[in-house]
Amino acid sequence: MQRMSLENAKTSGRQAVGNFTLLGQTFSAPSAAPGLHVVATPIGNLGDITVRALQTLAGADQVLCEDTRITRRLTGHYGIATTLSAYHDQNAARVLPTVLDALAAGEAVALVSDAGTPLISDPGYRLVDAARAAGHPVHVVPGASALTGALSVAGIATDAVFFAGFLPTKTTARRKRLEALKDEPATLVVYEAPHRLVACLKDMATVLGDRTAAVARELTKRHEEVVRASLSNLAFEFAGRKAVKGEIVILVERGDDTASEAIDLDALLTDALTGQTMRDAVAAVTAETGLPRKTVYDRALALKGRKT
Ligand code: SAM
C-alpha cells in the first residue's frame, strides 16, 4: 500500500487536511476535490471500506450523513475528525440550499448513508440531482451495497436484475406491487425487514408462483447466511424460527427461468424416504435443496407422522 504522506499530498498540489488511521498507521489525506462526493460505506463489517473512501472522508470539508451517531462510529474507528452534519429525508428541504451554497463556495462535501451505498434505498437522489443541475461536480466513491453483496452470493441469475427496494408493508399493497413485477424478465431483488419476512415470502409465493428464491441475511456480519429454496419452503423455514433478526435481502428467480425449478420439499422427501433411512433421506434432501438440515429433518418427521 502506498503511504499517503504530507509530502505526497503537497507534490500532488493539494494540501493535506485530514488524517485517517488504518491498521494502526496514520495517513494524511489531501483535501478532496471540490464538489459532491457520494461515498459508499460498509454494510456491517467495518473492514469493508475503500482507501479512497477513507481519503475522501478525511479530506472533505464536511460529511453529510443520515445519522451522525452511526457515521461517527465509522469515522471514529478510522480516526477521521471531519465535521459531520445530518442530511436525511426529513431535513432535506432545509439543508439542501446550504449544501448547494457550500458547493458553490468550492467546498468538498461527502455524502454517506448509515450503511452501504447512498441513494440505494437511501437519501441523496434530490441532492445529487440539484448539485448536477447547479453545475457542481459529482464524484462517486463506490463500495459495499447489500444489493450487490446479495447478488454475489445467492447463486441466482444476475444477467438481468430488477431492484424494487422496499415493498409496501401491507399485504394488499404488497401483492398489488408484486402483480406489477410478476412478468419482469429479471431476477427480482427487494430489501425487507425481519419481522415482515415470512409474510412477504408468502405473498411472493402466492403472486409470483412458487419460484426458487434466496434470503440473504446479515451479510458481512457474524451471523451471515444465505438460504436458498422455493418461496414456500423459505416461508416455512423462517416461520419455524423463534425470531428472525437482522438485515435481509430477498432475491427471486425470474418467472420464465426454467433452469432451476422451485423446490417442492415434501415431494423430494417423500421420494427420498422411499427405500432409505430417515437419516440418509434427510442428508440427501439437505444436500439437494441447500435448506438447513433441521428444517428438512423436522419436515421429514412431520411427513412420517402423517403416514403412521
Ligand atoms: N444503501 C444501502 C445499501 O447500499 O445496501 C441500503 C439501505 S436500506 C435503508 C437498508 C436495507 O438494506 C436493510 O433493511 C436490508 O434490507 C438491506 N441490508 C443492509 N445491510 C444488509 C446486510 N448486511 N445484509 C443483508 N441486508 C442488508
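Each ligand, and each atom within it, is numbered from 1 in the order the structure gives.
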How does [X] reach ligand 1, by side chain, by backbone, by both or by neither, if only non-hydrogen atoms under 4.0 Å count?
X    : value
E218 : backbone
A216 : backbone
A115 : backbone
D122 : side chain
D114 : neither

Would the distance check show the side chain of [X] and the main-chain N or O of [Y] forming a donor-acceptor pair, the cut-off being under 3.5 Å?
X    : Y    : result
D122 : L119 : no
T220 : N45  : yes
T277 : D280 : yes
E66  : H88  : no

At their closest point, which heavy atom of A199 faces which heavy atom of R174, and how far apart are they? CB-NH2, 3.5 Å
Could you tell me whether some N/O pair between [X] and ligand 1 is separated by less than 3.5 angstrom?
X    : value
I43  : yes
Y191 : yes
T117 : yes
P118 : no
T220 : no
A144 : no
G116 : no

Measure the distance from [atom] to every protein heavy atom, then report the residue, atom name and distance (to 0.1 Å) of the closest one.
atom                    : value
atom 24 (N) of ligand 1 : L219 N, 2.9 Å
atom 18 (N) of ligand 1 : A146 CB, 3.4 Å
atom 21 (C) of ligand 1 : E247 CB, 3.6 Å
atom 10 (C) of ligand 1 : F166 CZ, 4.0 Å

Would you say that more than 12 heavy atoms from the other residues, nucleotides or ligands in this model lie under 6.0 Å from the OH of Y297, or not? no
Verdict with supporting geometry, E288 and L268, side chain to side chain contact (heavy atoms under 4.5 Å, CB included): CA-CA 9 Å; E288 188 171 346; L268 284 177; 3.5 Å; yes
Going by atom types alone, do S232 and D210 pair a side-chain donor with an acceptor below 3.5 Å? yes
Given the side-chain rings of Y78 and F20, with only the six-membered ring counted for Trp, is the space between their centroids under 6.0 Å? no
If you measure from the Lys or Arg side-chain nitrogens to the Asp or Glu carboxylate oxygens, is any gap between E253 and R211 under 4.0 Å? no
